[in-house]
Every structure is written in structure tokens, then in C-alpha cells.
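Let me begin by presenting the structure, written as C-alpha cells, before commenting on it.
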There are 2 protein chains.
Amino acid sequence: MNEETYLRDYDPKAFDSPLLSVDAVLFTYRDGQLEVLLVERSNHPEMGKWGLPGGFVDLDVDETLEDTVIRKLKEKTGVVPPYVEQLSTVGNRSRDKRGWSVTVCYTALIAHQECETHIDSVSDAKWVNLKDLEKLDLAFDHKSIIAAGRERLKQKALYSIVPAYTLPEKFTLSDLQHVHEVLLGKPLQKKSFRRRIEQADLIVDTGEKSAEKGRPATLYRLKPEASQHTFIRNLEL
Amino acid sequence: MNEETYLRDYDPKAFDSPLLSVDAVLFTYRDGQLEVLLVERSNHPEMGKWGLPGGFVDLDVDETLEDTVIRKLKEKTGVVPPYVEQLSTVGNRSRDKRGWSVTVCYTALIAHQECETHIDSVSDAKWVNLKDLEKLDLAFDHKSIIAAGRERLKQKALYSIVPAYTLPEKFTLSDLQHVHEVLLGKPLQKKSFRRRIEQADLIVDTGEKSAEKGRPATLYRLKPEASQHTFIRNLEL
DNA sequence: TTAATAGTGTCTATGAGACACTATGTC
DNA sequence: GACATAGTGTCTCATAGACACTATTAA
């Protein structure tokens, strides 16, 4: 048999295969805390429980897995997050009552201001503080996927400024430092933090100032290449 | 409808879903070069081409995705590699002529001595030098998956001693340094390299010596925790 | 003025890079 | 002895940590 014949007669349903889905851990930073977007499940299984935004690949619509996750995130938030990265793929026989199931997980970051109105307008999506997550009973193994996403973001805080994508486009260095401090669970030296960012030339002064209490802070914007940069020396844990 | 009824009537083939497979990039170090294990495809599509070892989840046999990849690697090498780590998942509409396809990719490392006899006994598996890979026309997008695996291993060489798993259980520091040098594509300072490994306390002196030309070198063994350790300061690129 | 927050100067400590040196084996 | 490879001593340099200092706003 030649390949042409094989492909013509190929039946994708001839063999049993795992259920395949995509999930996203979308983090943001609000009021000094990390939050994650949860969605209430409207279908079986685990209907009524809260879980990660995600779903199935639409073979007609999606070109890539990233298309799928972005489509799902846009449905829930109204926008495409500025940072989306594959986290890991979890697949085993026990995670879903329907049987062998595989989910390709992504970590995404966004400023909550970007999607506040859209999320407020629906009742099946909400930001949940990471500290309140313990008490909740999430669908499937989503709690451990969130833990993995958080752990990855913590590592990124040690050697990059990727956590900046949890902030609005214009942000202050104090805010960014605080995001890192929350992720790492320890205070950082202001001087060290600013020095390394300045040296790496990752941000641009917008010329604007933020006006809160005290001295106004310079508002910076990320350079496009900021998400790629890794420091050769980590912050200490 | 309650969940029980839903699950009883659930038909896993009701919806079209991507083809799901697992692939492994198994690296080793031989004669001063990096090599990757390739397998000749005995089935359509891309029959006759060489590609990565891998295959489909066996829903009855495999408990997890890692079980699948380890089963496939054991089929080809006869042993379970000492280091297996998920690399990334590639999924899109165009990578496989059969249609929308997803492959969960793993990087694995092994000493070629561990599986030499098994590989030599079969004709459909062989080690290929990374430098010879350019010329080959591999199946699917396997060439770019190998490139991604190699890139990941290069990063690991900067901040860990994970590349040590490409070596036999007992190895010399000179060999390990050379693996890192090949991965990084540049010579390293002997002193720096040994200092950081000694300080991190990642290896144990076996008491044995390797006898080649020149002064015999101490043979070390990895401590079990060595695969977890990350240096806070990277080697320079 | 004080309180609050932004931002800097500067010293120390750690660990990588450079490179010359010594050590131990074979011939 | 020469040669080859293993392994060390020690200086420099980059950069994170510590922490006290100055700067700029509002009330």
C-alpha cells in the first residue's frame, strides 16, 4: 500500500485515544496579591465546580494549540493576554472520570485592568486570590496545575522580569518589585532590583509619573524583548 | 441529567479530536560528540524515513504519559534512561498528513554504553551524530523537536549538571566538562567548572580512577539529588 | 514641618573567568 | 627524562546583598 492510499483510507477514530484538552493558568496582580482566573464549569463532568479556563481544540478553527488556548482565554476575558507560555502537559488515566485524559497547560499573564469589565459582565468567571485557593475544591487536578504555574512564575521572578506582564502597560518599579516579592515570598533589596533591570536595559521611561502618596514614581513600559531576557545571575532564594 | 448518567452515556468518539502521540529526544555522548537516537518508520505516513522514537498511548497499559514514553524508549533501547523530562508539546494542523496532530515531547539522556548491545541488535534504531543531522530528511517536524531538545539541554548545561546523565554511571570531571563544552559550543575554565560542582556537593568520589593517557582521573558518581540542583549563577555564553 | 514613598551611593561578599602552576601517570 | 592529562592557587571582575542616605510629593 502506498502512502496516498493509506491517507485516503485513514480513519482517525479507528484507535482509542485519550481525551485531549487545553487549560490556561492566567495570573494577574491586584491589591498586592496574586490572583488566578477561574471559570465555573457549566457541563459534566464536575459541573458546578470552578476550574481553569480551557477546552477542546476546534479542528476547523484552530491552527495550533496556542490558537486554542488564546481563543479560550479571549472568550473569558475579552482580550488576548500579552504573555502566554506553555507550562506542561499532564496526561494520565485517573485525572478525568471520562477516562484517559491529556491536558496541555499554559501559563498566561495579564493586567487585571485589561479585562475587568468583561469579567465583571459574566457570572461564570472570576479572579481568585491564590491564598484563598486552599479552601476551594477545584475541578480535576486544576489545583496542582495552578501550583505548577505558580512555581514556574516564581522561577521566572528569579532570573527574568516576565512577572511584569501581570501589571498594566505602564508600571512603576516599586510595583514590579512587589510582584517579585510576592512570588518569591521574601523582601528584595530595592537597589539590587533596580540595578539589574537598569543594566539589562529592559524598560523605557514613559515620561509619566504615578501619583499616589509620597514622591511620584516614574512609569515605565517594557521593551518588546523584555520577555526574552534572562539574567545570568539569579536573585537568591 | 446527573453526572452518573452523563458518564454512562459518554462517547469518547462523539467529537473529532487531534491525533495524540508521544515522542522522545534521547541524547547521548559518544567519542566527544552528542548523538540522538533515531528510529526508522515502518508504517505510513512517512514510512521509511527516520524519526524520533515514540508512538501512541496504550490506554490499557499506560497509566501516565511518562509511562508511554518510557515504554517506547525501552522497546528501542532495552533500558529505562536515568533522566527523562518533559520538553514541550507541539500541536497544529499541518505537522502530520493525517490531520490535526499533537505530540508530547520528552528529552531523555543515557550513556550509550547502557544500550549499545540492544541497539546494535536491531536494524531500525541508530545513534546519529547531531552534526550529521542537517543532511538527513527526518519524518514530520522531528528535526525542529530535536533542535528544541538540544537547546533545552544547552540551557541546562549553563545552570545544572544534568548533562552528566549522558555519561556512564562513573565518569571523570574532564568528560563532564567536555559534554558541557560541546553543548555550549565553547571551552570552559577547568577551575571554574570544578569549583562550582565541588561547592554544590553534587558528586561522590567512587575511589576508582580512569586509566587513559596521562594522569589517571578520579571517577565520580552523581548524587541522587544532582538532577534537581540549579546554580544561582550561570556559566557565561 | 512631617509622613510617605521614590530613588541613589557605596561597601561587602560571592562566585565565575583567566591563567599559571603543580601532580601523577605512561613511554 | 618528555609527554599527556588531572587537578590546584590565586588574582581579577561582575554583580547581588545590605543599608544608610537623599529627593520629591501631599497635607
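Numbered from 1 within each chain, the chains take letters A, B, ... in sequence-line order.
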Are any side-chain N or O atoms of [X] and backbone N or O atoms of [Y], one a donor and one an acceptor, separated by less than 3.5 Å?
{"X": "B:T103", "Y": "B:C105", "value": "no"}
{"X": "A:D132", "Y": "A:V128", "value": "no"}
{"X": "B:R150", "Y": "B:L183", "value": "yes"}
{"X": "A:Q177", "Y": "A:L188", "value": "yes"}

For B:Q189 and C:dA16, is the shortest distance between a side-chain N/O and OP1 or OP2 below 4.0 Å?
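B:Q189 to C:dA16 OP1/OP2: no side-chain N or O under 4.0 Å.
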Identify, with sequence neighbours excluded, every residue that meets salt bridge (Lys or Arg N to Asp or Glu O under 4.0 Å) alongside [X].
{"X": "A:K131", "answer": "none"}
{"X": "A:K74", "answer": "none"}
{"X": "B:D62", "answer": "B:R71"}
{"X": "B:R221", "answer": "B:E169"}

DNA chain C contacts made by residues 213-222 of chain A, counting heavy atoms under 4.0 Å
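The answer is A:K213, A:G214, A:R215, A:P216, A:A217, A:T218.
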Does anything in residues 151-182 of chain B come within less than 4.0 Å of DNA chain C? Heavy atoms only, and list the residues if so.
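Close to the strand, none.
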Grab the stems for DNA chain C, please: at least three consecutive Watson-Crick or wobble pairs, both distances below 3.5 Å, written as range with range.
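Counting only runs of 3 or more consecutive pairs, the stems involving DNA chain C are C:1-27 with D:1-27.
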How many Å lie between [atom1] on [X] and [atom2] on [N], as a whole number?
{"X": "B:F231", "N": "C:dT14", "atom1": "CZ", "atom2": "P", "value": "17 Å"}
{"X": "B:E236", "N": "C:dG15", "atom1": "CD", "atom2": "P", "value": "15 Å"}
{"X": "B:K190", "N": "C:dG17", "atom1": "NZ", "atom2": "C1'", "value": "14 Å"}

Please evaluate the base of C:dG15 for a donor-acceptor partner in the side chain of B:R233 within a cut-off of under 3.5 Å?
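It does, because a donor-acceptor pair links the side chain of B:R233 to the base of C:dG15 below 3.5 Å.
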Tabulate atom names and distances for all N/O pairs under 3.5 angstrom spanning the protein and nucleotides 10-12 of chain C.
none

For residues 224-237 of chain A, which residue pairs pass the salt bridge (Lys or Arg N to Asp or Glu O under 4.0 Å) check, not counting sequence neighbours?
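Counting only pairs at least two positions apart or across chains, no salt bridge (Lys or Arg N to Asp or Glu O under 4.0 Å) contact touches residues 224-237 of chain A.
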Enumerate the salt bridge (Lys or Arg N to Asp or Glu O under 4.0 Å) contacts for residues 179-204 of chain A, please, sequence neighbours excluded, ordered by first and then second residue.
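As it turns out, the salt bridge (Lys or Arg N to Asp or Glu O under 4.0 Å) pairs with a partner in residues 179-204 of chain A, which skip direct neighbours, are A:D201-A:K223.
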From B:I146 CD1 over to B:L153 CG, what is the distance, rounded to the nearest 0.5 angstrom?
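CG of B:L153 is found 13.0 Å from CD1 of B:I146.
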Which value, rounded to the nearest 0.5 Å, describes the distance between B:Y165 atom OH and B:S160 atom OG?
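Answer rounded to 0.5 Å: 9.5 Å.
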Salt-bridge criterion met for A:K72 and A:D23 (N-O under 4.0 Å):
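Salt bridge between A:K72 and A:D23, a charged N being under 4.0 Å from a carboxylate O: no.
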Quick one: do B:K156 and B:E85 make a salt bridge, cutoff under 4.0 Å?
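A salt bridge links B:K156 with B:E85.
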Toward the 5' end of DNA chain D, which comes first, B:E212 or A:F193, by nearest nucleotide?
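Going by which nucleotide is closer to the 5' end, it is B:E212.
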For DNA chain D, note the earliest and the latest nucleotide, 5' to 3', having some atom under 4.0 Å of a heavy atom belonging to chain B.
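It runs D:dA4 to D:dT10.
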How are the rings of B:F140 and B:H142 set to each other: parallel, tilted or perpendicular (split at 30° and 60°)?
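Tilted.
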What residues form a ring pair (Phe, Tyr, Trp, His ring centres under 6.0 Å) with B:H112, not counting sequence neighbours?
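So B:H112 forms no ring pair (Phe, Tyr, Trp, His ring centres under 6.0 Å) with any residue.
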